A.B. asks: 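Please read through the structure below; I'll follow up with questions.
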Amino acid sequence: HEMDFTHCFKDDMECSHTREAPEGSADTWHNCGCEHHTSAQSRLFIKGGRIVNDDQSFDADIYIEDGIIKQIGNNLVIPGGARTIEAKGKLVIPGGIDTHTHMQLPFMGTHAVDDFYSGTKAALAGGTTMIIDFVLDQKNVSLLEAYDKWRNWADSKVCCDYALHSCVTWWSPEVAKEMDILCKEKGINSFKMFLAYKDVFMLEDNELYEVFKRCRELGALGMVHAENGHLIAEKSSEMIQHGITGPEAHEMCRPEEVEAEATNRAITLANQANCPLYIVHVMSKSAAKVVTKARRQGKVVFGEPIAASLGTDGTHYWNKCWRHAAGHVMGPPLRPDPTTPGYLMDLLANNDLQVTGTDNCTFNADQKALGKDDFRKIPNGVNGVEDRMSVIWEKGVHTGKMDPCRFVAVTSTNAAKIFNIYPQKGRIAVGSDADIVVWNPNASRTISAKTHHQAVDFNIFEGMLCHGVAEYVMTNGHVVLDEGQVRVTQGMGRFIPLPCNSETVFSRIRERERTTKPCKVEREPYDGPVAKITATQMSEKMIVADNPIIPNNAEFHGRPMTSSGARNLQDSTFSLSGQQIDEKSPRRSTTRSLNPPGGKSSGLW
């Protein structure tokens with residue numbers, strides 16, 4: 001059955017079912033549902049490739065039926081009617097999992113231009129077969145209502161499987177109850193909080209601590225956007241006062257240490273709550289160092305660099321073209337230090353950072369222009385969902401920083417383990433979902449907004465030559481990228497529930513909860529004397545100084561007089577009130593000394 005046919009044929013007779021393509025999607029087809037058509041699509045035989053998992057690679061064939069990997073090996077005996085895909089000289093890898101997307105997100109007065117259809121179609125074109133999007137609504141909106149809204153948006157549009165994180169932008173007992181329902185009934189196992197976007201999404205430290213405690217109780221992963229929102233608000237106003245209104249001010253008002261400080265604060269709060277922590281979009285060397293140090297101290301924290309921070313830098317904010325500069329605006333911003341991408345890739349290759357997402361949240365030129373006179377109004381967000389796999393291969397594997405097994409780990413397997421869907425996803429094994437990419441490490445492509453499949457009119461990787469290209473992509477056993485042609489089915493993707501208590505995340509947490517539980521010291525009751533406070537003392541308004549080193553009274557000295565009755569010279573005579581220690585003493589008349597110690601200064605020498 002040829003995919004570009006309008007109808008399905010059997011024995012030269014037209015089927016009674018017509019495949020209707022969604023509006024505006026000429027390359028999209030719908031399965032007619034006939035038994036002969038379904039059987040042809042459900043059987044695939046991938047022959048001659050080298051299978052690469054996160055822990056090993058080997059030569060073997062793969063037989064797929066009904067969306068599940070049924071056999072792996074050599075000289076397989078397979079049923080008739082299966083389509084054969086020749087993979088000799090190529091790598092066969094698990095489909096990518098993008099841990100961080102924002103499809104059709106309502107944000108900063110507009111909506112992200114890539115919705116769940118165009119976004120997931122682009123993902124498949126680049127070798128990503130599953131996304132995890134964020135349910136992010138305004139403060140005081142029910143988490144359950146927001147979840148239902150996102151499911152309604154996504155279910156009818158997604159071309160690949162997807163899951164959801166939930167964002168907590170306000171705190172109350174009701175939020176705590178809804179978190180429980182989301183975990184137990186709705187397939188959510190992670191909650192994201194913001195330390196940025198003051199008065200919009202940001203939580204205060206005490207609220208963040210309460211959410212972390214609730215996550216630990218539910219077996220859910222805490223996630224944080226780490227930037228100091230209070231400081232950003234102040235520095236943003238300073239930039240406007242200085243007359244700096246362009247995209248460069250976006251980076252200048254939120255420098256590296258603003259990200260690093262919030263990263264450290266989030267790790268500290270999560271550790272005190274004994275909650276595992278996932279730092280989203282690690283953008284700077286400084287923040288990455290904080291994550292690395294915390295992991296080496298034994299704290300349960302995961303770091304997620306994204307395609308943007310691994311593939312480009314923040315020097316673009318100073319580009320003379322406003323559109324070009326604004327096209328790179330995101331939060332946290334890309335860093336102007338051009339060595340940052342290589343540094344983050346080194347950490348990713350050596351497991352100091354663990355997974356990769358994209359923070360895909362795209363806006364066209366006219367949307368970015370909302371901030372043409374004020375950088376604070378430029379919608380934050382960049383592309384990446386289509387190009388993540390190629391960018392990481394180019395900057396990681398092609399440069400020799402990581403091997404193909406590590407590439408699989410950081411683009412797919414680690415995400416599946418952290419979010420508790422392994423080995424259903426993230427591995428090529430018998431029984432796993434047939435989300436598979438035939439990857440040609442010797443092919444190359446040049447990234448461009450003119451040729452990408454996303455709806456956005458700009459690409460931050462424009463002109464980048466990438467070695468490593470997806471030639472075939474299968475999602476649930478359906479071939480959706482076929483020798484460069486993208487043929488997807490709108491609404492074919494499934495919602496994948498994410499169970500709580502991931503072993504990768506919580507195995508250490510539960511043991512620590514048991515071994516570090518606070519316990520009191522058993523001792524004999526104190527039966528010694530206890531000082532008595534008289535009624536007179538109780539009625540006196542006694543002020544106790546916060547700092548006991550400096551007495552809170554009108555006296556200048558706290559030490560006793562010397563044996564001769566004089567003031568102890570070790571006491572200070574300074575008072576914040578300006579009062580002098582001897583101001584109550586009568587003034588003495590002036591005494592002129594004719595012969596001071598050391599001799600007169602008026603004499604001749």
Side-chain angles (χ1 to χ4, degrees), residues 1-4 21-22 25-31 40-49 51-52 62 64 67 69 83-98 101 114 116-131 157-162 307 358 360 383-394 407-408 411-412 425 428 433-448 451-455 466-494:
H1 304 281
E2 296 297 327
M3 298 299 182
D4 54 357
S25 53
D27 60 348
T28 304
W29 59 278
H30 272 183
N31 193 326
Q41 288 298 312
S42 66
R43 295 176 182 174
L44 291 172
F45 181 53
I46 304 174
K47 180 181 179 182
I51 297 172
V52 182
I62 302 172
I64 298 164
I69 298 174
R83 176 187 173 181
T84 298
I85 294 177
E86 181 59 59
K88 186 175 181 180
K90 301 178 179 66
L91 306 179
V92 183
I93 63 177
I97 301 174
D98 188 337
T101 66
D114 274 300
F116 280 98
Y117 169 65
S118 65
T120 54
K121 173 185 172 183
L124 290 168
T128 290
T129 56
M130 180 176 175
I131 65 168
K157 293 183 178 180
V158 288
C159 305
C160 67
D161 290 351
Y162 80 104
T358 58
N360 192 95
N383 64 286
V385 71
E386 181 172 352
D387 301 317
R388 178 182 66 114
M389 302 282 278
S390 287
V391 168
I392 295 173
W393 184 276
E394 174 67 22
F407 172 78
V408 167
T411 57
S412 181
K425 304 288 187 182
I428 293 181
D433 287 354
D435 293 349
I436 297 175
V437 178
V438 177
W439 188 265
N440 188 343
N442 300 313
S444 63
R445 70 183 181 96
T446 300
I447 297 175
S448 175
T451 56
H452 70 202
H453 296 82
Q454 296 195 238
C466 289
H467 299 82
V469 175
E471 289 197 351
Y472 295 92
V473 176
M474 286 139 269
T475 178
N476 293 313
H478 295 276
V479 181
V480 289
L481 178 67
D482 195 342
E483 295 182 339
Q485 298 298 312
V486 180
R487 299 185 175 100
V488 297
T489 303
Q490 182 169 260
M492 186 179 71
R494 304 170 299 169

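Here the structure is a predicted model, which means the values were calculated and not measured.
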A.B. asks: Do V479 and V473 come within less than 4.5 Å of each other through their side chains, counting heavy atoms only?
C.D. replies: no
A.B. asks: Rounded to the nearest 0.5 Å, what separation is found between the CZ atom of F116 and the OH atom of Y162?
C.D. replies: 7.0 Å
A.B. asks: Between K121 and D114 (salt bridge meaning N to carboxylate O under 4.0 Å), is one present in this structure?
C.D. replies: no
A.B. asks: Are side-chain N/O atoms of T128 and R388 paired as donor and acceptor at under 3.5 Å?
C.D. replies: yes
A.B. asks: Do I64 and F45 pass the side-chain contact (heavy atoms from CB on, under 4.5 Å) test, and can you show the C-alpha distance, the side-chain angles, and the key distance before you say yes or no?
C.D. replies: CA-CA 6 Å; I64 298 164; F45 181 53; over 6 Å; no
A.B. asks: If I take atom OG from residue S118 and atom CD from residue Q490, how far apart are they, to the nearest 0.5 angstrom?
C.D. replies: 10.0 Å
A.B. asks: Among I46, T129, V92, D482, find the one that has a side-chain contact (heavy atoms from CB on, under 4.5 Å) with M474.
C.D. replies: I46
A.B. asks: Verify side-chain contact (heavy atoms from CB on, under 4.5 Å) between H478 and T489, making sure each step is shown before the conclusion.
C.D. replies: CA-CA 10 Å; H478 295 276; T489 303; over 6 Å; no
A.B. asks: With side-chain contact (heavy atoms from CB on, under 4.5 Å) as the criterion, how do V158 and M492 come out once you've worked through the C-alpha distance, each side chain's angles and the decisive distance to 0.1 Å?
C.D. replies: CA-CA 6 Å; V158 288; M492 186 179 71; over 6 Å; no
A.B. asks: Atom OG1 of T475 and atom CD1 of I436: how far apart are they, to the nearest 0.5 Å?
C.D. replies: 10.5 Å
A.B. asks: Is the shortest heavy-atom distance from the side chain of D387 to the side chain of R445 under 4.5 Å?
C.D. replies: yes
A.B. asks: Please check if any side-chain donor atom of T358 sits under 3.5 Å from a side-chain acceptor atom of D98, or the reverse.
C.D. replies: yes
A.B. asks: When rounded to the nearest 0.5 angstrom, what distance separates CZ in R43 from CZ in R83?
C.D. replies: 15.5 Å
A.B. asks: What pair of heavy atoms forms the shortest contact from C466 to I447, and how long is it?
C.D. replies: SG-CD1, 3.7 Å
A.B. asks: Looking at every non-hydrogen atom in both residues, tell me the closest pair between I131 and A123 and how far apart they are.
C.D. replies: CG2-CB, 4.4 Å
A.B. asks: Please check if the side chain of S412 supplies one atom and the backbone of V408 the other of a donor-acceptor pair under 3.5 Å.
C.D. replies: no
A.B. asks: Has the side chain of D433 got a donor or acceptor atom that lies under 3.5 Å from a matching backbone atom of N476?
C.D. replies: no
A.B. asks: Report yes if the side chains of R487 and V480 come closer than 4.5 Å at any heavy-atom pair, otherwise no.
C.D. replies: no
A.B. asks: Would you mind reporting whether K425 and I97 have side-chain heavy atoms less than 4.5 Å apart?
C.D. replies: yes
A.B. asks: Using 0.5 Å steps for rounding, measure from the CH2 atom of W393 to the NE2 atom of H467.
C.D. replies: 12.0 Å
A.B. asks: At their closest point, which heavy atom of V438 faces which heavy atom of A87, and how far apart are they?
C.D. replies: CG1-CB, 4.1 Å
A.B. asks: Please give me the minimum heavy-atom distance between V488 and C159, naming the atom from each residue.
C.D. replies: CG2-SG, 3.8 Å
A.B. asks: Specify the closest pair of heavy atoms between A470 and L481, including all atoms of both residues, with the distance to one decimal.
C.D. replies: O-CD2, 3.3 Å
A.B. asks: Apply the side-chain contact (heavy atoms from CB on, under 4.5 Å) test between I62 and each candidate in I85, L44, I69; give the one that qualifies.
C.D. replies: I69
A.B. asks: Are side-chain heavy atoms of K47 and K88 found at a separation under 4.5 Å?
C.D. replies: no
A.B. asks: Is it the case that the side chain of S390 and the backbone of G468 share a donor-acceptor pair, with hydrogens and angles ignored and the cut-off at 3.5 Å?
C.D. replies: yes
A.B. asks: Please give me the minimum heavy-atom distance between A443 and E471, naming the atom from each residue.
C.D. replies: CB-OE2, 4.5 Å
A.B. asks: Does one side chain, of E386 or H453, offer a donor that lies under 3.5 Å from an acceptor on the other?
C.D. replies: yes
A.B. asks: With rounding to the nearest 0.5 Å, note down the distance linking CD in E394 to CE in M389.
C.D. replies: 14.5 Å
